[in-house]
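Before any comments, here is the structure.
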2 protein chains.
Amino acid sequence: MNVSSRIRVREDPVVRRAQIIEEGIRLIGLHGYNGFTVQALATRCGISNAGLLYYFGSKDALLLAFLAELERQDRELLEPLVARAIGRGDAPSSRTVVIALLRTVASRFTESPALGRFAVMLQCESIDPSHPAHDWFLSRETMAFDMFVSLVTGLTPDPQSTARQLVALMNGLAQQWLRADRPFDLEIEWEKAVTAILPALFEDESDSNRI
Amino acid sequence: MNVSSRIRVREDPVVRRAQIIEEGIRLIGLHGYNGFTVQALATRCGISNAGLLYYFGSKDALLLAFLAELERQDRELLEPLVARAIGRGDAPSSRTVVIALLRTVASRFTESPALGRFAVMLQCESIDPSHPAHDWFLSRETMAFDMFVSLVTGLTPDPQSTARQLVALMNGLAQQWLRADRPFDLEIEWEKAVTAILPALFEDESDSNRI
DNA sequence: GGTGTTACTGAATGGTTGGTAGATAATCAT
DNA sequence: ATGATTATCTACCAACCATTCAGTAACACC
């Protein structure tokens, strides 16, 4: 099955790159890295196999580009909030900022499900130490964990465990939501879960740093 | 790379089947169904490609056998507890039985990590509707969810959400534990998490069915 | 020790994979 | 128009994939 049945279109390289990355993230989110083929991505972009590899020389290079895009979007969305929430690292974070940050963590999924699915899928697939994204996700998870720890410090007696629980909950809920037999509202369920795990966050009393 | 360099060994079919299933679960737990090859499994079992398929005629048939084994072990471990915990469905479950059941859910992982890894891996990979295990895991998750709902009813004001949170937590914690950069004690963390999500379960007051 | 059953092998199947080389056509600068 | 650049194509490759089939050797029983 070749592409020549259609007229050859020559796309602006910037646009094509963006298209490849977007569709690639969609495909890997669906089938994982192992279940994903260069051919399938090329077809979906309306170009040939070789045409695709003209931009990204190999399957691994494609994966790296997708991961970079994930990191870029993450940073773009979270960085300002994290900066405000963690601040100098000493001062306790303002509760409203923590709440905003936690909300954002969930809305990332509802606002771009394809990227969320991509992250969930690869994070699981890359448990395998020989997976090309293993190290990447290892460091990503470590960073996320540390971020959560400093976020909940002062709001819970055991920040390590609470942080771990929050990370676990977000992943687990997202996975349920993606399978979505009888779909549910992810943001509402996430808020309920955070309330259960971190009740101090929503208490009205002004003696905030107790517990 | 063929097998003939060694003397041909003829194994008891029952033993060989068990070996194939065990090693297969190990391999899929590592690389997922898509990243797993019939050749690799055969090699690891010390037989040829064709020798493997003499037992299970196709890659899909292998997967079904592995899933059946997962279900078998699950049932063997959980069924007596579930029966005691749910009972007739009307009577509220005794708290000690619920606690025991929740503990078992976690110790499954620590006691046979390979099977746990297999379940986690496939559950994620099978989010894809075209994955051969998609339907299987859909019904499995539904059943687990319903089980948890009837388990926590009477112990929490919102059984649906609490059940969802417990399922999410178990999956999320297990995934963190499997990646295990700085490993942690899964059973302890699970107990902490359950305590946070379901505090009524561990309260000493005897007016158990409140909240 | 011969015979039957069956666990297993080697070799070959056709299809798919990621990747390469050289040709070609669309666009741009002049 | 013309020529240079480059995005994309066709054609091809070797490796790998799951699966098939005709044999072969290990064992059980007599």
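To find a chain, count down the sequence lines: A is the first, B the second, and so on, and within it residues start at 1. Quantities reported herein were computed from a predicted structural model and do not represent experimental measurements. Computed over heavy atoms, backbone and side chain alike; hydrogens, waters and symmetry mates excluded.
OP1 or OP2 of D:dT8 sits under 4.0 Å from a side-chain N or O of A:Tyr55.
Annotation: proximity of residues 20-30 of chain B to DNA chain C (heavy atom, distance under 4.0 Å) is found for no residue. Applying a 4.0 Å cut-off to non-hydrogen atoms, the residues of residues 40-53 of chain A that approach DNA chain C are A:Asn49, A:Ala50, A:Leu53, listed by residue number.
Within the cation-pi definition used here (under 6.0 Å to the ring centroid, within 45° of the axis), B:Arg117 does not qualify as a partner of B:Phe109. Taking the ring axis of A:Phe202 as reference, the NZ or CZ atom of A:Arg95 does not stay both within 45° of it and closer than 6.0 Å to the ring centre. In this structure, A:Lys59 forms a cation-pi arrangement with A:Tyr33, its terminal cationic atom sitting closer than 6.0 Å to the ring centre and no more than 45° off the ring axis. Within the cation-pi definition used here (under 6.0 Å to the ring centroid, within 45° of the axis), A:Arg164 qualifies as a partner of B:Phe184.
Between A:Pro199 and A:Ala196, the shortest heavy-atom contact is CD-O, 3.7 Å.
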Could you go over nucleotides 15-17 of chain C and give all protein N or O partners under 3.5 Å, atom names and distances?
none

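Applying the salt bridge (charged side-chain N to carboxylate O under 4.0 Å, His left out) test to residues at least two apart or on different chains, the pairs with a partner in residues 25-34 of chain A are A:Glu23-A:Arg26.
Taking atom CZ on B:Phe56 and atom C1' on D:dT19, their separation rounds to 16 Å, with Å as the unit. Counting to the nearest Å, the C1' atom of D:dT6 and the CG atom of A:Asp12 are 13 Å from each other.
Side-chain atoms of A:Arg179 and B:Ser126 form a donor-acceptor pair, as typed in the model, at a separation below 3.5 Å. Between B:Gln123 and B:Glu141, the side chains place a donor N or O and an acceptor N or O closer than 3.5 Å (distance only, hydrogens not considered). A donor-acceptor contact under 3.5 angstrom links the side chains of B:Glu125 and B:Asn34, judged on distance only. B:Ser130 and B:Asp128 share a side-chain donor-acceptor pair at under 3.5 Å.
Ion pairing of A:Arg103 with A:Glu187 is absent here, as no side-chain N (NZ or NE/NH1/NH2) approaches a carboxylate O to less than 4.0 Å.
Atom-to-atom distance recorded for A:Asp185:CG and A:Thr110:OG1 is 8.0 Å, nearest 0.5 angstrom.
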- Message: For nucleotides 23-30 of chain D, give me one character per nucleotide, 5' to 3': B if any protein heavy atom sits under 4.0 Å from the base, S if the only such contacts are to the sugar-phosphate, - if neither.
- Response: -BBB----
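Checked against side chain to side chain contact (heavy atoms under 4.5 Å, CB included), B:Ser139 has no partners two or more places apart in sequence or in another chain.
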